[in-house]
Amino acid sequence: MTFKLKSMPQEKIRILHCIETISSGGVEQTRLTLAKGLDKEKYELKIICTWKGGAIAEALEKEGVELIPIGGFKHPFEWRKHQKVLKVIRNFRPHIIHGAIFEGMSMAAIGGKLGKVPVVILEETSDPQNRSKKANWLLRNFVKVADRIVAISPNVERYLFEKSKIGSSKIKQINNSAHEPILKNFNTQILLRKEYGLEDEDILVGFVGRLFNDHKRVTDLIEAVSYINSDQLKLIIVGVGKDEHKIKQKVEEFNIKHKIIFTGYQFDTSKFYHLMDIACFPSSREGFGLVAAEAMMHGLPVIATNVGGLQNVVVDQKTGFLVPPYNPRAIAEKLQQLISQPALRKQMGQAGYERAQKHYSAERYVKEVEDLYLSLLKKKDITL
């Protein structure tokens, strides 16, 4: 009698992500992209966060990712919080710890070092132009215990090298990804246009993002709309945030309430991009500019400020226009140009779509992150 030995299941590569809140931001969206894109037979993901809530948290859990909230940090070295991180590390025994945002990088650097995690990766997701010398010094020390720090755009890579004084050998630039557009549902579009009182001849300018005005400068866009004398022009604002009341006050101040639509938070932003003719993002700073890449993925011309990662995503005069920050007049000028030239809108939208497909697809992003994971594990002689 012969017996066949049963093959043992291959051990999964365990990855522990550390981020701040899980709500509606770009960082948690990219973690959802990884959760969907990485082979579940090969990888197991958990996420430590300070707080969780909302549709993205639900989607992550639906993908089988355990979310572990530990509460907010009073400062980067709050020991009670790091003890919670170390407890998770002891139980999960990750092969890789990957921290993003300053709190997440703090957790990954300290937890990875003390918990003896084989591979430690940090990720700079912001455009930290106002970061203090002390914070840059702290980041340099976090990077000393890390294998790599990921920069989410060429602009962030430059910042890390020139301002944070981090060696180029430690920096790996990986562009963020944009969500692939969901196919347009014409019945949904008809219902939405009816819900928001849109006529066939209306030109719809769109903004998507959190309503944090110091950062996103939605009031600059509202002011720009007030300068354009057109009954056809409408502005749709998709998102919520602490400055929503302030932004609505600006609408009242310019007496253009009849031109502005507030949708509130929307998990499915694709159907709103399909409504738009032009997208506009007037940020004062931006690490990457995920919404600009998403708008381009939906074939929209984009007007954006020439700051941070936005100036890498949008190609001026080709996929849209780049304008100086804090300049509503410049935004209005470019809006007027696109409103009056439908052929230019179509041309820029097509060029943006092609660029987004080439540089900002989810497949490209997942592959580059996975390649980084596997190369660093190989350097540590870890094969699974």
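Throughout, residue positions are numbered sequentially from 1 according to the sequence presented.
Contact of the I339 side chain with the I278 side chain is registered, since non-hydrogen atoms from C-beta on lie closer than 4.5 Å. In this structure, the side chains of D202 and E199 come closer than 4.5 Å at one or more pairs of heavy atoms. Under the 4.5 Å side-chain criterion, counting only non-hydrogen atoms from C-beta, V302 is not in contact with T319. Within the 4.5 Å cutoff, the side chain of L86 has heavy atoms near those of the R90 side chain. Taking 4.5 Å as the limit, every side-chain heavy atom of I166 sits out of range of all side-chain heavy atoms of F142. Proximity of I22 to R31: side-chain heavy atoms (C-beta onward) are nowhere separated by under 4.5 Å. Side-chain atoms of M296 and H359, non-hydrogen and from C-beta on, never get closer than 4.5 Å to each other. Contact of the L45 side chain with the E63 side chain is not registered, since no non-hydrogen atoms from C-beta on lie closer than 4.5 Å.
Atom CG of N141 sits in a crowded spot, with more than 12 heavy atoms from other residues, nucleotides or ligands closer than 6.0 Å. The 12-atom threshold is exceeded at NZ of K12, counting heavy atoms of other residues, nucleotides or ligands nearer than 6.0 Å. By the neighbour-count criterion of 12 heavy atoms within 6.0 Å, atom NZ of K242 is densely surrounded, having more than that number from other residues, nucleotides or ligands. Within a 6.0 Å radius of NZ in K334, other residues, nucleotides and ligands contribute more than 12 heavy atoms. Around the NZ atom of K318, the shell of radius 6.0 Å holds no more than 12 heavy atoms that belong to other residues, nucleotides or ligands. Residue K346 qualifies as open at atom NZ: its count of foreign heavy atoms under 6.0 Å is 12 or below. Annotation for E201: atom CD counts as buried by contact number, over 12 foreign heavy atoms lying within 6.0 Å.
Residues forming a side-chain hydrogen bond (donor to acceptor under 3.5 Å, both in side chains) with S226 (at least two apart in sequence, or on another chain): none.
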Tell me, with the steps shown, if Q173 and N175 meet side chain to side chain donor-acceptor pair (under 3.5 Å). CA-CA 7 Å; Q173 197 246 304; N175 284 323; 2.8 Å; yes
Quick one: do N136 and Y159 satisfy side chain to side chain contact (heavy atoms under 4.5 Å, CB included)? Show the steps, please. CA-CA 10 Å; N136 275 316; Y159 180 91; 3.1 Å; yes
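Atom CG in L192 sits 11.0 Å away from atom CG in N187 (nearest 0.5 Å). Atom CD1 of I236 sits about 6.0 Å away from atom CE of M276, to the nearest 0.5 Å.
Residue L338 forms a side chain to side chain contact (heavy atoms under 4.5 Å, CB included) with just one option from I203, V205, L344, and that option is L344. The only member of D220, T219, D243 that meets side-chain hydrogen bond (donor to acceptor under 3.5 Å, both in side chains) when paired with N213 is T219. Partner of R193 under the side chain to side chain contact (heavy atoms under 4.5 Å, CB included) criterion, chosen from L275, T188, L204: L275.
Geometrically, K248 engages F262 in a cation-pi contact defined by less than 6.0 Å to the ring centre and at most 45° from the axis.
Nearest heavy atom pair, residue L160 against residue A151, reads CD1-CB, 3.9 Å.
Using bins of under 30°, 30° to 60° and over 60° for the plane-to-plane angle, the ring pair H274/H298 lands in the perpendicular bin. Aromatic ring orientation, H98 versus Y373: perpendicular (interplanar angle above 60°, classes split at 30° and 60°). Using cut-offs of 30° and 60° for the angle between ring planes, the F254 and Y227 rings count as perpendicular.
For the residue pair S126/E124, the side-chain donor-acceptor check at 3.5 Å is satisfied. Judged by distance alone, the side chains of Y43 and E370 do bring a donor and an acceptor atom under 3.5 Å apart. Between the side chains of E354 and Q350, at least one donor N or O lies within less than 3.5 Å of an accepting N or O.
For K250 (side chain) and V218 (main-chain N/O), no donor-acceptor pair under 3.5 Å exists by modelled atom type. Judged by distance alone, the side chain of N176 and the main-chain N or O of L290 form no donor-acceptor pair under 3.5 Å.
One finds a salt bridge joining K216 and E286 here, because a Lys/Arg side-chain nitrogen approaches an Asp/Glu carboxylate oxygen to under 4.0 Å. K52 has a carboxylate O that lies under 4.0 Å from a charged side-chain N of E61, or vice versa, which qualifies the two as a salt bridge.
The hydrophobic cluster containing L374 also contains V150, counting ILVMFWY residues as joined when their side-chain heavy atoms lie under 4.5 angstrom apart, directly or transitively. Hydrophobic clustering (ILVMFWY, side-chain heavy atoms < 4.5 Å, transitive): I56 and F212 are in distinct clusters.
Aromatic ring centres of H82 and F73: separated by under 6.0 Å. Separation of the Y360 and F288 ring centroids falls under the 6.0 Å cut-off.
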